[in-house]
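Below: one structure, written as structure tokens.
Start at 1 with the first residue, then count along the sequence. Counting starts at 1 for both ligands and their atoms, in listed order.
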Amino acid sequence: MLRRFGSPEVLEFVDKPLPHLKDDEVLVRTRAVSINPIDFAMRSGTGYGYSVFKRLLPLILGRDISGEVVAVGASVQSFTVGEEVFGALHPSVRRGTYTDYAIVSEFHLTQKPKSITHEEASAIPFAALTAWRALKETAKIREGERVLVIGGGGAVGFAAIQLAVAHGCQVVTFCSSQSIDRALAAGAEQAVDYIAENIKLAIKGEFDAVLDTIGGLKTERIGINFLKRGGHYVTLQADARSTVFDILMVPGVSDLFGMKNFNYYCYYGIDYSYAFMESNCFGLEEIRDLSEAGRLYIPVDRTFPIAQVKEAHEAKEKRKILGKVVLEFS
Ligand SMILES: NC(=O)C1=CN([C@@H]2O[C@H](COP(=O)(O)OP(=O)(O)OC[C@H]3O[C@@H](n4cnc5c(N)ncnc54)[C@H](OP(=O)(O)O)[C@@H]3O)[C@@H](O)[C@H]2O)C=CC1
């Protein structure tokens with residue numbers, strides 16, 4: 001439970017009665033949840049997070065879940081008691097999944113892939129649904145297109161590589177040296193080390209879509225220059241305020257008036273969008289099918305028992321652990 005913003009120390013364990021299930025809700029016995037960067041934003045309430053999440057306090061953190069159905073609301077038809085499910089909640093939902101029993105809308109769940117464990121399953125939904133929203137719904141990628149994923153080493157970037165490959169796209173990514181082999185094994189035709197190599201020289205040709213999981217002026221400048229006219233630039237960073245136009249025009253003004261996408265359209269002929277995660281049952285089903293077919297996975301780096309949630313947050317937030325961290329429930 002989170003009553004106030006702060007360091008991992010503000011996380012409290014509390015015993016609370018379960019609320020009554022609404023008609024379309026499912027009660028899930030939690031087996032595993034993964035930690036996402038959004039959990040740190042919600043917990044710390046820093047910057048942008050303060051205004052967005054303050055109205056949700058007190059809240060329960062946690063957006064992903066993998067577990068078993070223990071009860072269903074009156075109108076739920078897709079799930080039965082005992083079934084294994086996985087899914088993800090939108091950041092606007094107050095009651096999250098760091099809890100023994102989570103209440104989740106039936107539209108935010110689907111049957112868990114049978115071939116993987118609860119720990120592995122819990123690492124997938126939030127990151128993969130974000131990639132799905134960005135590439136399928138926003139950039140509308142199609143077979144044969146070229147897609148550049150900026151930050152293929154993170155969970156969202158890695159899911160994006162696999163989704164784009166599954167849709168018949170040619171994928172290029174830049175990531176750190178430790179993620180190169182994994183990106184290539186996932187089907188990227190080229191993976192460039194963004195620290196050791198000159199990206200502008202290493203990557204050839206233009207792209208139909210760029211997914212930017214990193215943000216910032218420098219990254220955006222590089223990404224925009226790789227896009228074809230008519231291409232889609234999709235950023236996941238809501239507060240990526242600096243733009244080429246802030247320098248060329250009046251600082252801050254283009255963004256302030258929401259002119260960024262208009263300016264990019266006029267100057268470069270591209271479509272610029274911010275994408276955010278959406279709990280979407282069609283996306284989730286597609287992700288489940290890809291996972292079951294062995295075509296989409298997110299490696300888990302470390303698992304902590306839920307009793308060590310503070311240590312887990314500390315380790316991931318301070319980048320002592322670089323990959324996915326999962327919290328396990330007994
Ligand atoms: N808009 C939305 O709805 C959402 C936004 N996000 C945002 O997307 C971002 C990624 O999330 P997620 O994948 O879950 O986080 P992860 O913690 O899994 O991954 C972050 C990774 O980004 C890589 N990285 C850091 N700097 C660079 C760089 N300059 N160039 C290339 N790669 C870099 C690092 O990988 P490496 O080791 O290879 O350097 C790092 O591991 C976060 O900022 C998050 O807040 C996430 C989900 C939803």
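Note on Arg31 versus Glu68: salt bridge recorded, some NZ/NE/NH1/NH2 to OD/OE distance being below 4.0 Å.
A donor-acceptor pair shorter than 3.5 Å cannot be found between the side chains of Asn261 and Asp271.
Protein heavy atom closest to atom 46 (C) of ligand 1, with residue, atom name and distance, is Val156 CG2, 3.9 Å. Nearest protein heavy-atom neighbour of atom 29 (N) of ligand 1: Tyr194 CE1, 3.3 Å. Protein heavy atom in closest approach to atom 45 (O) of ligand 1: Pro37 CB, 3.5 Å. At the top of the distance list for atom 10 (C) of ligand 1, counting protein heavy atoms only, stands Thr213 O, 4.1 Å. With respect to atom 3 (O) of ligand 1, the closest heavy atom belonging to the protein is Met277 N, 2.7 Å. Nearest protein neighbour of atom 4 (C) of ligand 1, counting heavy atoms only, is Thr130 CG2, 3.8 Å. Scanning the protein for heavy atoms near atom 19 (O) of ligand 1, the closest one is Gly154 CA, 3.1 Å.
Cluster annotation: Leu61 is connected to Phe304 through the hydrophobic network of ILVMFWY side chains, with a link wherever side-chain heavy atoms come within less than 4.5 Å.
Inclusion of Phe126 in the set of residues having an N or O under 3.5 Å from an N or O of ligand 1 is not warranted. Any N or O atom pair closer than 3.5 Å counts here, and Phe174 shares no such pair with ligand 1. At a 3.5 angstrom cut-off on N or O pairs, Gln237 counts as close to ligand 1. At under 3.5 Å, a nitrogen or oxygen of Ala155, whether backbone or side chain, sits near a nitrogen or oxygen of ligand 1.
Here Lys324 has no heavy atoms under 4.0 Å from ligand 1, in either its backbone or its side chain. At a 4.0 Å heavy-atom cut-off, ligand 1 does not touch Pro91 at all. At a heavy-atom cutoff of 4.0 Å, ligand 1 is contacted by the side chain of Arg319 but not by its backbone. Residue Leu236 touches ligand 1 through backbone and side chain together, judged by heavy-atom distances below 4.0 Å.
A heavy-atom separation below 4.0 Å is not found between Ala134 and ligand 1. Residue contacts with ligand 1 do not include Ile150, since none of its heavy atoms lies under 4.0 Å from the ligand. Ligand 1 has no atom lying under 4.0 Å from any heavy atom of Phe158.
For ligand 1, the atoms lying closer than 4.0 Å to a non-hydrogen atom of Phe276 are 1 (N), 2 (C), 3 (O). Short contacts between ligand 1 and Lys316, defined as distances under 4.0 Å to a heavy atom of the residue, involve ligand atoms 17 (O). Counting atoms of ligand 1 from 1 in the listed order, those under 4.0 Å from a heavy atom of Ser176 are 36 (P), 37 (O), 38 (O), 39 (O). Within ligand 1, counting atoms from 1 as listed, the ones closer than 4.0 Å to a heavy atom of Tyr274 are 1 (N). Residue-ligand proximity, Ile214 to ligand 1, at heavy-atom distances under 4.0 Å covers atoms 22 (O), 23 (C), 24 (N), 25 (C), 26 (N), 27 (C), 28 (C), 29 (N), 30 (N), 31 (C), 32 (N), 33 (C). Residue-ligand proximity, Ser179 to ligand 1, at heavy-atom distances under 4.0 Å covers atoms 38 (O). Close contacts between ligand 1 and Gln178 involve ligand atoms 37 (O) [criterion: under 4.0 Å to a heavy atom].
Geometrically, Arg288 does not engage Phe86 in a cation-pi contact defined by less than 6.0 Å to the ring centre and at most 45° from the axis. Judged by the 6.0 Å and 45° rule, Arg29 forms no cation-pi pair with Phe329.
You'll find the side chain of Arg43 reaches within 4.5 Å of the side chain of Glu317, heavy atoms only.
Side-chain atoms of Ser75 come within 3.5 Å of backbone N or O of Asp23 as a donor-acceptor pair.
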